[in-house]
Every structure is written in C-alpha cells, then in structure tokens.
Enquirer: 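Handing you this structure, nothing more for now.
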Amino acid sequence: MKHLRSAKHRALIAVIVKARRAAGLTQRQLADKLKRSNSFVWKIEAGERQINTLEFIEIARILGFKASTLLTEIDE
C-alpha cells in the first residue's frame, strides 16, 4: 500500500472531490448513487482507501465526467 497517501493518490482524491462538488452531490448522495455505504466514499476522500480502475470509472460516470478527463487533471 505504498501508494496510499502518495502525491498521486492525493491528486486523485482532489480530482474526485472537485468533480463531486461540481456535480452538486454530497458524499452521502454519491454513495447512494454508487449503491455503497457512506463510509466507502468517506474513506476514499479521506485517503484511507484506494479505488480500483472500475470503481474510478463508475464514480466518474455518476459524476457526469469521462474517467479519462479526470485522469488528465491528475497529471497536470
């Protein structure tokens, strides 16, 4: 888990939080749309949990973004 809380992981979290807020959703609302617990989203945003590629794609889709667009923001 050496990537947990790395600079890239923090950048990923920041992009997800920014996209969630731009979509006008709370953590609870995003969790509901994902059909996951509130703690799932909280742990991601708190940096306590990594997400896999498929989870990232689903989060991006629910937030109204292409995953590739969000990934581009991480590299900037």
Side-chain angles (χ1 to χ4, degrees):
M1 298 291 271
K2 70 178 183 176
H3 297 291
L4 197 60
R5 296 192 179 114
S6 68
K8 288 288 186 183
H9 186 238
R10 287 191 309 271
L12 174 66
I13 292 166
V15 165
I16 291 171
V17 171
K18 181 180 172 184
R20 178 180 58 76
R21 289 178 178 160
L25 296 177
T26 64
Q27 288 181 348
R28 181 179 300 264
Q29 291 168 324
L30 176 56
D32 288 345
K33 289 180 180 288
L34 290 167
K35 296 182 172 79
R36 302 298 283 266
S37 68
N38 297 338
S39 66
F40 174 80
V41 175
W42 181 86
K43 285 179 181 179
I44 290 170
E45 292 190 8
E48 293 186 8
R49 183 186 190 286
Q50 289 189 6
I51 60 173
N52 68 40
T53 304
L54 297 177
E55 291 169 337
F56 180 74
I57 291 169
E58 184 176 10
I59 290 169
R61 181 187 57 77
I62 286 173
L63 296 177
F65 294 90
K66 286 185 171 185
S68 58
T69 301
L70 295 181
L71 287 173
T72 302
E73 290 187 35
I74 294 168
D75 285 333
E76 293 177 353

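When reading the values below, keep in mind they use all heavy atoms of this one structure, side chains included, and skip hydrogens, waters and symmetry mates.
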Enquirer: Can you list everything that forms a salt bridge (Lys or Arg N to Asp or Glu O under 4.0 Å) with Glu55? Sequence neighbours excluded, please.
Expert: Arg36, Arg49
Enquirer: Identify the heavy atoms of Ala31 and Ser37 that sit nearest to each other, and give their distance.
Expert: CB-O, 3.5 Å
Enquirer: Determine, using the 4.5 Å side-chain heavy-atom cutoff (strictly less than), whether Leu71 and Phe65 are members of one ILVMFWY cluster.
Expert: yes
Enquirer: Is it true that Phe56 and Leu34 fall in one hydrophobic cluster, defined by side-chain heavy atoms closer than 4.5 Å?
Expert: yes
Enquirer: Does a side-chain heavy-atom distance below 4.5 Å link Leu70 with Ile59?
Expert: no
Enquirer: How would you list, by chain and number, every residue that makes a salt bridge (Lys or Arg N to Asp or Glu O under 4.0 Å) with Arg28, sequence neighbours excluded?
Expert: none
Enquirer: Under 4.5 Å between side-chain heavy atoms, counting indirect links through other Ile/Leu/Val/Met/Phe/Trp/Tyr residues: same cluster for Ile13 and Ile57 or not?
Expert: no
Enquirer: In Å, rounded to the nearest 0.5 Å, how long is the span from CZ of Arg61 to NZ of Lys33?
Expert: 10.0 Å
Enquirer: Which atom names give the shortest non-hydrogen contact between Gln27 and Arg20, and what distance separates them?
Expert: N-NH1, 3.6 Å
Enquirer: Nearest 0.5 Å, please: how far is CD in Glu45 from CG in Leu12?
Expert: 10.5 Å
Enquirer: State which residues pass salt bridge (Lys or Arg N to Asp or Glu O under 4.0 Å) with Lys66; sequence neighbours excluded, sorted by chain then number.
Expert: none
Enquirer: If you round to the nearest 0.5 Å, how far is CG of Asp32 from CG of Leu25?
Expert: 10.0 Å
Enquirer: Please check this pair: side chain of Ser39 against backbone of Trp42, looking for a donor-acceptor N/O pair closer than 3.5 Å.
Expert: no
Enquirer: Hey, could you give me the CZ/CD1 distance between Arg10 and Ile74, rounded to the nearest 0.5 Å?
Expert: 13.0 Å
